[in-house]
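Below is one structure, written out as structure tokens, with a few remarks after it.
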Amino acid sequence: MEHDRHDDHASELSDMQLRTRALETILLEKGYIEPAAIDVLIETYEKKIGPRNGAQVVAKAWVDSKFRQWLFEDGTAAIATLGFGGRSGNHLVALENTPAVHNMTVCTLCSCYPWAVLGLPPLWYKSAPYRSRAVADPRGVLKDFGVDLPKDTEIRVWDSTAELRYLVVPMRPAGTEGWSEEKLADLVTRDSMIGTGFPKNPGDAS
Amino acid sequence: MNGVHDMGGIDGFGKVEAEPNEPTFHETWEGRVIAMVRAIGTNGGINLDMQRFSREILPPQVYLTSSYYQKWFLALEQSMIARGMIGADEVEAGHSLHENPPLKRGTFTMKDVERVTTRGSFRREPRLAPAFAVGKRVRTKNINPVTHTRLPRYARGRSGTIERINGCHVFPDTNAREQGENPQWLYTVVFSGHDLWGDDADPTLQVSIEAFEPYLEPV
Amino acid sequence: MNGAADMGGMHGFGPVVPEKNEPVFHADWEGHSFALNMVTGVANLWNIDAFRFKRESLPPPEYLNLSYYGLWTRTLELMMLEYGVATPEELKTGHAIAPFKKAERAITAAECDNMVRCARPFSREATEPAKFKAGDKVRAKNMHPRHHTRLPRYARGHVGEVVRIVGCHVFPDSHASNRDEDPHWLYTVRFDGRDLWGPDGDPTSTVSVDAWEPYLEKL
Amino acid sequence: MSGHDHDHHHDDHDHSELTETELRVRALETVLTEKGYVVPAALDAIVEAYETRIGPRNGAAVVAKAWTDPAFKKALLEDASKAVATLGHVSRVGDHLIAVENTPKTHNMVVCTLCSCYPWEMLGLPPVWYKAAPYRSRAVKDPRGVLADFGVTLPKDTDIRVWDSTAETRFLVLPMRPAGTEGWSEEQLAEIVTRDSMIGTGLPKAPGGAK
């Protein structure tokens, strides 16, 4: 079965490549889009927008208590001051992890994700195992990521069923007192902002 | 388990397409599969509930794109491998490569055929009186076990009426896990379409399920 | 609709497998599939809810067997056919076939760049006050419409607590059918894991969904 | 690429898969035979039983008798397993059969949403559509839509009762006897009882259509 699946996937790739190119060619020939428009979009999401944006937001929230408060009150406005927003950045809600509460985000119905601060979602976020299990068995999902929470920690799962987008603000690791925002941002992993991971330890900083 | 096999009320599968003059088997191998499943199930001690569960745990993509007897075949192969009755290498080779202990009830021969083509009874002697009487309103429990159950998702957490008491029967939820027959009272519970589907229901619709007592609670 | 997309609480899909150093796109065509979807959005050929509805309406076996961007490309094909942007013959040959209607104007790179940076909000002016407030207990309706909806099946019929009034937003259930925006109040509603999943739920978990007012009823 | 071509591609795929399955089934049977788990002749006998001995003619005989013999009909609706056991020419059934009667007011329909439970001894092995996703998903929610797929339209105010076979109980629908069959013999009547009429997705043949 494994073998078959592999072949299916490979043939889907070449098939999809042709079909996607067909759509693009037709739209260009009919004058719906100019070719550069496609390039701008790919370039932006491949290179410019990614989890480093979110890491900056989190690092700032760790050092700047005023910004932190604002972030939890009005995430959209707060991240706009850092230059982030735009598509799927509107209605950003920041969620605070504490020793008692761990937040986790999912989109069971499709793949809603805070693009403006995290870029495009990884495959696992869009896959059936995550979408099916995050709401019913969050601890089991965390185990797949090697994350084990204390038994009595409350887990809050947020299913992005509307245009709200959620950003988890993880707890600041101990041993980072006096660190600069830039240095702290290096500790903030993408998964820690989805809720399936933690920030890196101070010792692991680059 | 909440698998793709639990299809009641799912949209998007399209029209029912009946085939005129459909043969019993479309391919010769289909008959061989059903015969092997019956033979190994009976003499190898893989009960009906285990067989059903083995099909439910096929990967959803496989379940939905395999034909009916393909599913039976894949599930048979997987359950026999899981029980050490055959090796994956043997299926690959198409020949027996190792010694194996005999089946629980020995080789399946002609003398066993009659037993599998007539139906066994799942009725058992009750030890307690039934908890619910005919006419009583009950609610199905909201259960979501990862193991085998015969309470469909669309009928969970819904109020219905006991229409008939069908005796005391082998309980699939435990029998599928080799945890014993654990017989339970079995009821016909009838729901109005509205109870199940809300305002989107056909007003003339009633649906009944056969529900074991552990699935039910008083309203 | 109760389609294959509504996956919350399903079993059998296996473990989550994170990929080390995952690229944004795994193949060149994925980036193009992504960009085409964005740019047809900018061109306003159809709205996002109609696109989602088309995607989740794919037969479940097809939905589950396509890769993520494979689903997008497949959905784009269907949308282009439905909205008269391309003909089956054109999709087959991969070229516009004359005579065809030319687009009024082409979406430019600058417009795309602008789209990336500026929000296109879905909030609208409310015409009446919100029915619920934070702290209210509400029940998600047991509804099973055939059209697009954003109330997942696992939450239906369950009682939760309003934790936030988000605002008044475009209603996807209406918008997907291209009727109109039909804005309604949107709330974040929190459910207890045990309420959603019964005894099989994790007692330390809660699940929040964003639910429009027509999905909810007073207790 | 059009939807049609896509389907076509699927067909090809299915076809080659069948051949592959056939080989694998043969391989498995060889392994089981070599290990002494099964004797091929016993498998032949099972296949033969399902192909020839067991089929919807059994159910049709039961329905025809119920139409002509009020005492039998009463017994059938009270305890179908016991009533059927009194008919020597029908294969033995377990203790699990329930017969449900169609009336001008109520139409019954049988499904198994979870797998493919079906009254084998009465109707033989189920047809592909009964085991397929469209029927299993829609019968409990949209029975009128399903009936439309079979070309059956019921009066708007007829109550529809769907029986989901979630346990080992099996259901046999007793359709209404068509008008214009007065004085017919059981054999004649059995001819017009279709398999689908005993599942609830069809009606008996009209008297004119019988041979």
Side-chain angles (χ1 to χ4, degrees), chain B residues 5-10 13-19 22 24 27 29 31-36 38-40 52 64 68 70 73 77 86 90-91 94-96 100 102-103 107-110 112-113 116-123 150 152 154 166 169 186 197 202 204-210, chain D residues 18 21-22 24-32 34-39 41-43 45-47 49-51 91-96 113-116 121 124-125 127-129 131 133-137 140-144 146 149-150 157-169:
Chain B
H5 71 282
D6 189 354
M7 290 180 169
I10 303 293
F13 282 113
K15 282 176 88 124
V16 179
E17 283 177 48
E19 177 188 345
E22 185 180 324
T24 305
E27 306 269 343
W29 64 264
R32 307 312 288 179
V33 169
I34 197 170
M36 284 192 278
R38 283 282 166 267
I40 297 298
R52 288 199 181 117
L64 291 179
Y68 183 70
Q70 273 173 339
F73 171 74
E77 198 179 72
I86 54 170
E90 293 176 311
V91 181
H95 286 286
S96 175
N100 286 79
L103 297 183
T107 305
F108 186 91
T109 63
M110 291 303 282
D112 301 304
V113 171
V116 305
T117 50
T118 50
R119 222 185 134 77
S121 174
F122 295 87
R123 195 186 284 260
R150 298 293 288 182
Y154 75 84
N166 295 310
H169 287 243
L186 180 65
W197 311 113
D202 178 334
T204 62
L205 172 65
Q206 285 197 315
V207 179
S208 61
I209 63 166
E210 306 305 294
Chain D
L18 289 188
T21 307
E22 189 174 1
R24 287 174 64 183
V25 171
R26 259 187 225 161
L28 184 64
E29 188 174 332
T30 308
V31 173
L32 300 189
E34 287 176 357
K35 283 185 182 294
Y37 288 160
V38 296
V39 172
L43 300 183
I46 297 177
V47 173
Y50 288 126
E51 270 191 323
S91 72
R92 218 186 82 208
V93 289
D95 51 9
H96 60 282
T113 60
L114 296 175
C115 50
S116 55
E121 300 86 346
L125 295 182
V128 167
W129 61 260
K131 305 175 285 193
Y135 186 70
R136 285 167 58 187
S137 60
V140 287
K141 189 176 172 216
D142 178 27
R144 282 175 194 270
V146 167
D149 292 348
F150 285 89
D157 55 350
T158 302
D159 289 332
I160 300 186
R161 169 65 179 275
V162 179
W163 303 77
D164 188 357
S165 315
T166 53
E168 300 311 326
T169 314

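With values rounded to the nearest 0.5 angstrom, D:S116 atom OG is found 11.5 Å from B:H5 atom NE2. The structure places CZ of B:R38 at 8.5 Å from CD1 of D:I46, a figure rounded to the nearest 0.5 Å. In this structure, the separation between NZ on D:K141 and CH2 on B:W197 is 6.0 Å, given to the nearest 0.5 Å. Taken to the nearest 0.5 Å, the CZ atom of B:F108 stands 7.0 Å off from the CG atom of D:L43. Atom CG in B:L103 sits 10.0 Å away from atom CG in B:D112 (nearest 0.5 Å).
Interface residue D:L114: backbone and side-chain heavy atoms are both found under 4.5 Å from chain B. Interface residue B:R32: backbone and side-chain heavy atoms are both found under 4.5 Å from chain D. D:P127 touches chain B through backbone and side chain together, each having a heavy atom under 4.5 Å away. The contact between B:E17 and chain D is made entirely by backbone atoms, counting heavy-atom distances below 4.5 Å. With a 4.5 Å cut-off on non-hydrogen atoms, D:L32 touches chain B through its side chain but not through its backbone. For B:D6, the parts sitting under 4.5 Å from any heavy atom of chain D are the backbone and the side chain alike. D:A41 touches chain B through backbone and side chain together, each having a heavy atom under 4.5 Å away. For B:I209, the parts lying under 4.5 angstrom from a heavy atom of chain D are both the backbone and the side chain.
Per-residue counts of heavy-atom pairs under 4.5 Å with chain B were compared for D:V47, D:V25, D:V39; the largest is that of D:V25. Note on B:L64, B:V91, B:V116, B:I86: by heavy-atom pairs under 4.5 Å with chain D, the leading option is B:I86. Heavy-atom pairs under 4.5 Å with chain B peak, among D:D159, D:T30, D:D149, at D:D149. Chain B forms more heavy-atom pairs under 4.5 Å with one residue of D:A45, D:G36, D:A133, D:A167 than with any other, namely D:A133. Between chain B and the residues D:A42, D:A27, D:S137, the most heavy-atom pairs under 4.5 angstrom are made by D:S137.
Under the rule for a side-chain hydrogen bond (donor to acceptor under 3.5 Å, both in side chains), the partners of B:R52 that lie at least two apart in sequence or sit in another chain are D:E168. Listed by chain and residue number, B:Y154, D:T113 satisfy the side-chain hydrogen bond (donor to acceptor under 3.5 Å, both in side chains) test with D:D164 (two or more places apart in sequence, or in another chain).
For the pair B:G14 and D:P134, the tightest heavy-atom approach, listed with the atom from each and the gap, is O-CB, 3.4 Å.
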**Message:** Applying side-chain contact (heavy atoms from CB on, under 4.5 Å) to B:H169 and B:E210, what does each step give before you reach the verdict?
**Reply:** CA-CA 11 Å; B:H169 287 243; B:E210 306 305 294; over 6 Å; no
